[in-house]
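Presented below is the structure to which this report refers.
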Amino acid sequence: MPVIRGPTTGYRITNEAREQGEHISNDEVRRSSSRAGAAAPSMVTQAIEHALDDGRLTLEELQGGRLARMLRAIGLDHGSSILGAMHRDGMLRQHQVDPVDYLACRRLLERARLPADHADHVVLERGVAERLDTLIAELQGKLIAGPLAGAFVERVQDERLGDQRLVNQTAMTWAPVESEEFFRRLPPEKWAEECYDLKSLHNQQVERTELPDGGYRITMLQRMEFGEGGTATDMTKRTVVTKWKDAETGRWRATAEWQVYASDPTEQIPHAGSMRIDTGRMEFRPVQKDGRWYTEVLFNNATQTDTATERKLLGLFGKNSPLRQAISARLGASPLGILPFSANVVQRYRDVGTGAVPPRWPELKVDD
């Protein structure tokens with residue numbers, strides 16, 4: 001990994017960005033980061049809503065009939081089942097079964113366990129729970145083997161910028177180590193120092209609160225520069241890092257939630273706004289399978305960039321034009337775009353947390 005430059009080289013949070021970040025609330029950061037994590041591709045969302053309209057889920061609604069399953073096995077999709085939507089949701093997601101699909105299947109099982117009078121309760125008809133268990137087990141095996149990553153184009157209404165098309169990405173892996181050992185190697189508040197493809201970093205701690213269970217909540221302003229050349233991005237974000245004991249397992253769990261609110265020129269990026277929108281979260285969660293504990297590493301992000309390469313290729317269109325946003329987002333969500341990056345993000349944390357590679361954070365001095 002490259003050497004990260006600290007504040008001694010002039011890469012610092014600007015005074016204007018510092019003042020702006022201090023006026024953003026932690027609740028705003030949590031809401032925006034949670035929205036990025038809760039989003040799903042439109043066809044998957046519609047298929048689930050349609051199937052659960054009566055509060056029940058049948059096996060055919062989940063996976064389609066025999067013909068639909070046969071067609072899907074040879075690369076064709078038919079019908080409106082949930083699994084069919086997962087396989088065909090958008091040209092750039094063709095035949096992906098990614099972490100968003102895993103989370104959706106897990107959520108269906110969680111909803112079935114809710115009390116019958118709960119608004120989100122769903123009844124699973126015969127065979128559905130078993131099919132979901134099989135799907136989840138298959139995906140968990142892949143997560144243990146390495147990272148899974150997926151991305152899709154999302155259209156949202158941004159409070160500041162209006163109608164926007166974003167790249168919404170999710171990446172996951174299961175690190176074969178308990179969360180206590182994981183956090184010994186990588187304290188949650190040092191997540192930024194270990195980010196994949198990070199070039200520059202400047203932290204400023206705003207506040208720290210000790211929690212009753214021995215955990216803590218830390219609020220930081222962070223300026224980060226990623227990549228090199230035409231695809232490099234700069235961003236200043238407000239980040240809330242929380243470490244606490246999971247009520248169900250009694251083991252450590254943590255999140256890092258952020259909202260980018262500024263993007264300034266750097267030595268290699270001559271223009272402001274290389275990162276226009278970025279809201280997301282990292283989560284480190286204890287999970288168990290076959291009697292063994294793992295740490296689930298989850299990365300969610302919704303982003304829109306305006307890099308030098310995008311300006312060069314799409315400069316004929318205004319940066320706010322729907323056509324430019326659509327082209328940029330589709331390129332970003334493709335295997336040529338963000339997918340390799342997001343997979344490498346969780347792989348880096350997995351490697352540090354398991355001790356496969358040495359951490360960088362003990363060597364870095366990036367705080368005021």
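Residues M282 and W244 are members of separate hydrophobic clusters, defined by side-chain heavy-atom contacts under 4.5 angstrom among Ile, Leu, Val, Met, Phe, Trp and Tyr. Linking ILVMFWY side-chain heavy atoms closer than 4.5 Å, directly or via other members, places V260 and I269 in two distinct hydrophobic clusters. Cluster annotation: V287 is connected to M172 through the hydrophobic network of ILVMFWY side chains, with a link wherever side-chain heavy atoms come within less than 4.5 Å.
Using a 4.0 Å cut-off between a side-chain N of Lys or Arg and a carboxylate O of Asp or Glu, R35 and E154 qualify as a salt bridge. Between R131 and D133 there is no salt bridge, since no side-chain nitrogen of the basic residue lies less than 4.0 Å from a carboxylate oxygen of the acidic one. Salt bridge D120/R107: present, at least one basic N to carboxylate O contact under 4.0 Å. Remark: R217 does not engage E207 in a salt bridge, criterion side-chain N to carboxylate O under 4.0 Å.
Rounding to the nearest 0.5 Å places CG of D278 at 8.0 Å from CZ of F226. One finds the CD atom of Q169 at 4.5 Å from the CG atom of N301 (value rounded to the nearest 0.5 Å). With values rounded to the nearest 0.5 angstrom, K190 atom NZ is found 13.0 Å from C195 atom SG. Once rounded to the nearest 0.5 Å, the distance linking CD of Q222 with NE2 of H202 reads 10.5 Å. Considering CD1 of I13 and CG of D264, their distance stands at 10.0 Å, rounded to 0.5 Å.
The nearest pair of heavy atoms linking L103 to T170 is CD1-CG2, 4.4 Å. Contact between R56 and L52 at its shortest, heavy atoms only, is O-CD2, 3.9 Å. Summarising the geometry of T307 relative to T231, their closest heavy-atom pair is CG2-O, 3.8 Å, with the distance given to 0.1 Å. What you find for R238 and S25 is that their closest heavy atoms are NE-C, 4.1 Å. Here the shortest heavy-atom pairing between R30 and E257 reads CG-OE1, 3.4 Å. Nearest heavy atoms, Y349 versus W191: OH-O, 2.7 Å.
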- Decide salt bridge (Lys or Arg N to Asp or Glu O under 4.0 Å) for R184 and E181; before the verdict, give the C-alpha distance in whole Å, the side-chain angles of both, and the deciding distance to 0.1 Å. CA-CA 5 Å; R184 184 184 67 80; E181 183 68 11; 2.7 Å; yes
- Message: Between L198 and E193, does the side-chain contact (heavy atoms from CB on, under 4.5 Å) criterion hold? Intermediate values first, please.
- Response: CA-CA 8 Å; L198 181 70; E193 284 87 330; 5.6 Å; no
- Message: Checking R31 against Q259 for the side-chain contact (heavy atoms from CB on, under 4.5 Å) test, could you report, in this order, the C-alpha distance in whole Å, the side-chain angles of both residues, the deciding distance, and whether it holds?
- Response: CA-CA 10 Å; R31 285 195 302 270; Q259 178 178 312; over 6 Å; no
- May I have the step-by-step check of side-chain contact (heavy atoms from CB on, under 4.5 Å) for L124 and L132, ending in yes or no? CA-CA 10 Å; L124 304 183; L132 286 172; 4.2 Å; yes
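At distances below 3.5 Å, not a single donor-acceptor pair connects side-chain atoms of R251 with backbone N or O atoms of E180. Here the side chain of R350 pairs a donor or acceptor atom with the backbone of W174 at under 3.5 angstrom. Of the possible polar contacts, none joining the E125 side chain to the L59 backbone as a donor-acceptor pair under 3.5 Å is found. Judged purely by atom type and a 3.5 angstrom limit, D234 has no side-chain atom pairing as donor or acceptor with the backbone of T266. Distance alone, capped at 3.5 Å, is enough to place a donor-acceptor pair between the Y261 side chain and the A17 backbone. Between the side chain of T295 and the backbone N or O of V177, at least one donor-acceptor pair lies under 3.5 Å. With hydrogens and angles disregarded, a donor-acceptor distance shorter than 3.5 Å links the side chain of T279 to the backbone of S32. When atom types are taken as modelled, the side chain of T173 and the backbone of L143 share a donor-acceptor pair closer than 3.5 angstrom. A donor-acceptor contact shorter than 3.5 Å links the side chain of T303 to the backbone of I277. Here the side chain of E194 pairs a donor or acceptor atom with the backbone of W361 at under 3.5 angstrom.
Inspection of the T219 and N26 side chains reveals an N or O donor paired with an N or O acceptor under 3.5 Å. For the residue pair Y216/E189, the side-chain donor-acceptor check at 3.5 Å is satisfied. E225 and Q268 are linked by a side-chain donor-acceptor pair at a separation below 3.5 angstrom, with hydrogens and angles left out of the test. Residues N15 and E19 bring no donor and acceptor atom of their side chains to less than 3.5 Å of each other.
Y11 carries R223 over the face of its six-membered ring, with the cationic atom under 6.0 Å from the centre and within 45° of the normal.
By the 6.0 Å contact criterion, CD on E296 is enclosed, its count of non-hydrogen atoms from other residues, nucleotides or ligands being greater than 12. Open room surrounds CD on E248; 12 or fewer heavy atoms of other groups in view lie less than 6.0 Å from it. Atom NE2 of H50 sits in a sparse spot, with 12 or fewer heavy atoms from other residues, nucleotides or ligands closer than 6.0 Å. Within 6.0 Å of CD in E16 there are 12 or fewer heavy atoms belonging to other residues, nucleotides or ligands.
Ring geometry for F183 against F284 counts as perpendicular: the plane angle is over 60°, on a 0 to 90° scale with 30° as the lower cut.
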